[in-house]
Amino acid sequence: MMHSGLVILEHMIPLHIYHAKQCDPKKCTGKKLSRFNLAILHDNPRKLPREAILLDPLAEQALSPSDNAKFGLVVLDCSWEEVECVFPILKRLRFKHRALPFLLAANPVNFGRPFKLSTVEAFAAALYILGEKEQAEQILNKFKWGQTFLELNREPLERYSKAKDSTEVVRIQGEYL
Ligand SMILES: C[S@@+](CC[C@H](N)C(=O)[O-])C[C@H]1O[C@@H](n2cnc3c(N)ncnc32)[C@H](O)[C@@H]1O
């Protein structure tokens, strides 16, 4: 659908960012998404939608196409040094915590490193796995290295997006580790 020069996708999954203000705002991919109105920034975790899926690198369960993301996806935009302190605190808020399976980062800070994705890469990977490939492309297109993320990870992303459940995602991941 076209509206005032903007492409609005029909079935967009709401993207929420809890921003912990620990990063360089010029390099922050979450802030950039919010400037383009592609994600909503929050500074209070209690305002996040509880029924949403929290993308948590420490979660026990992997995201899979069987997850229901109609209430949205949440990313915690914090420093990687703080991840082990902040995610356990968010456990009290009863989100559905999900880890992303093996994928390589393409952002300039962590290029080529598995699992350590930027905010936009984490959202795009989740959207792709959940079958929202157009929305994944739309957010990555705001970054000059965005397409590289898809090129590096196309094969595993396609396979994860066809998996039946989390167990199958983990089995596929095992072939790349
Ligand atoms: C640690 S922050 C770093 C953000 C960075 N400042 C930026 O500008 O993109 C990245 C967030 O993306 C999500 N994320 C990244 N890799 C992930 C993975 N392997 N599994 C689940 N979530 C992941 C998490 O919510 C994580 O807190």
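Sequential numbering from 1 along the given sequence is applied to the chain's residues. Just so you know, ligand 1 is whichever comes first in the structure, and atom 1 is the first atom listed for that ligand.
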Query raised in the report: Got an N/O contact under 3.5 Å between Asp77 and ligand 1?
Result: yes
Report task. Give a yes or no on this: more than 12 heavy atoms of other residues, nucleotides or ligands lie within 6.0 Å of atom NZ of Lys91. Result -> yes
**Report entry** Under-4.0 Å salt bridge between Arg98 and Asp56
**Finding:** no
Query raised in the report: Can you find an N/O atom of Thr29 closer than 3.5 Å to an N/O atom of ligand 1?
Result: yes
Requested in this report: Please state which part of Val74 comes within less than 4.0 Å of ligand 1, counting heavy atoms only: side chain, backbone, both or neither.
Outcome: neither
Query raised in the report: Taking both backbone and side-chain atoms of Gly30, is any N or O found less than 3.5 Å from an N or O belonging to ligand 1?
Result: no
Query raised in the report: Going by the order shown, which atoms of ligand 1 are within less than 4.0 Å of some heavy atom of Cys78?
Result: 1 (C), 2 (S), 3 (C)
Query raised in the report: Is there a nitrogen or oxygen of Leu55 sitting under 3.5 Å from a nitrogen or oxygen of ligand 1?
Result: yes
**Report entry** Test side-chain contact (heavy atoms from CB on, under 4.5 Å) applied to Ile53 and Val74, step by step
**Finding:** CA-CA 6 Å; Ile53 293 175; Val74 176; over 6 Å; no
Report summary line: Taking only non-hydrogen atoms of Ser118 and a 4.0 Å limit, the atoms of ligand 1 in range are 9 (O)
Query raised in the report: For atom 11 (C) of ligand 1, which candidate among Asn110, Leu76, Val109 provides the closest heavy atom?
Result: Leu76
**Report entry** Check: Thr119 N/O within less than 3.5 Å of ligand 1 N/O
**Finding:** yes
Query raised in the report: Does a donor on one side chain and an acceptor on the other come within less than 3.5 Å for Asp77 and Thr119?
Result: yes
**Report entry** Check against ring-ring contact (aromatic ring centres under 6.0 Å, His included), His42 and His19
**Finding:** CA-CA 6 Å; His42 301 257; His19 198 263; over 10 Å; no
Query raised in the report: With no hydrogens and no angle check, do the side chains of Glu121 and Ser118 hold a donor and an acceptor under 3.5 Å apart?
Result: yes
**Report entry** Salt bridge Lys133-Glu158, side-chain N to carboxylate O under 4.0 Å
**Finding:** yes
Query raised in the report: Any ion pair linking Glu175 and Arg159 (charged N to carboxylate O, less than 4.0 Å)?
Result: yes
Report summary line: Taking only non-hydrogen atoms of Ala122 and a 4.0 Å limit, the atoms of ligand 1 in range are 12 (O), 13 (C), 14 (N), 15 (C)
Query raised in the report: Of the listed options (Ala59, Cys28, Pro57, Pro101), which comes nearest to atom 21 (C) of ligand 1 when hydrogens are ignored and any heavy atom counts?
Result: Pro57
Query - Cluster link Phe115 to Ile172, ILVMFWY, side chain under 4.5 Å - result: yes
Query raised in the report: Which protein non-hydrogen atom lies closest to atom 16 (N) of ligand 1, naming both residue and atom, and how far is it?
Result: Phe115 O, 3.1 Å
Query raised in the report: Within a reach of under 6.0 Å around CG of Asn44, are more than 12 heavy atoms found that belong to other residues, nucleotides or ligands?
Result: yes
Query raised in the report: Closest non-hydrogen protein atom to atom 10 (C) of ligand 1, residue and atom name please, with distance?
Result: Leu117 O, 3.5 Å
Requested in this report: Return yes when Phe87 approaches ligand 1 closer than 4.0 angstrom through a heavy atom, no otherwise.
Outcome: yes
Query raised in the report: Which protein non-hydrogen atom lies closest to atom 20 (N) of ligand 1, naming both residue and atom, and how far is it?
Result: Leu100 N, 3.0 Å
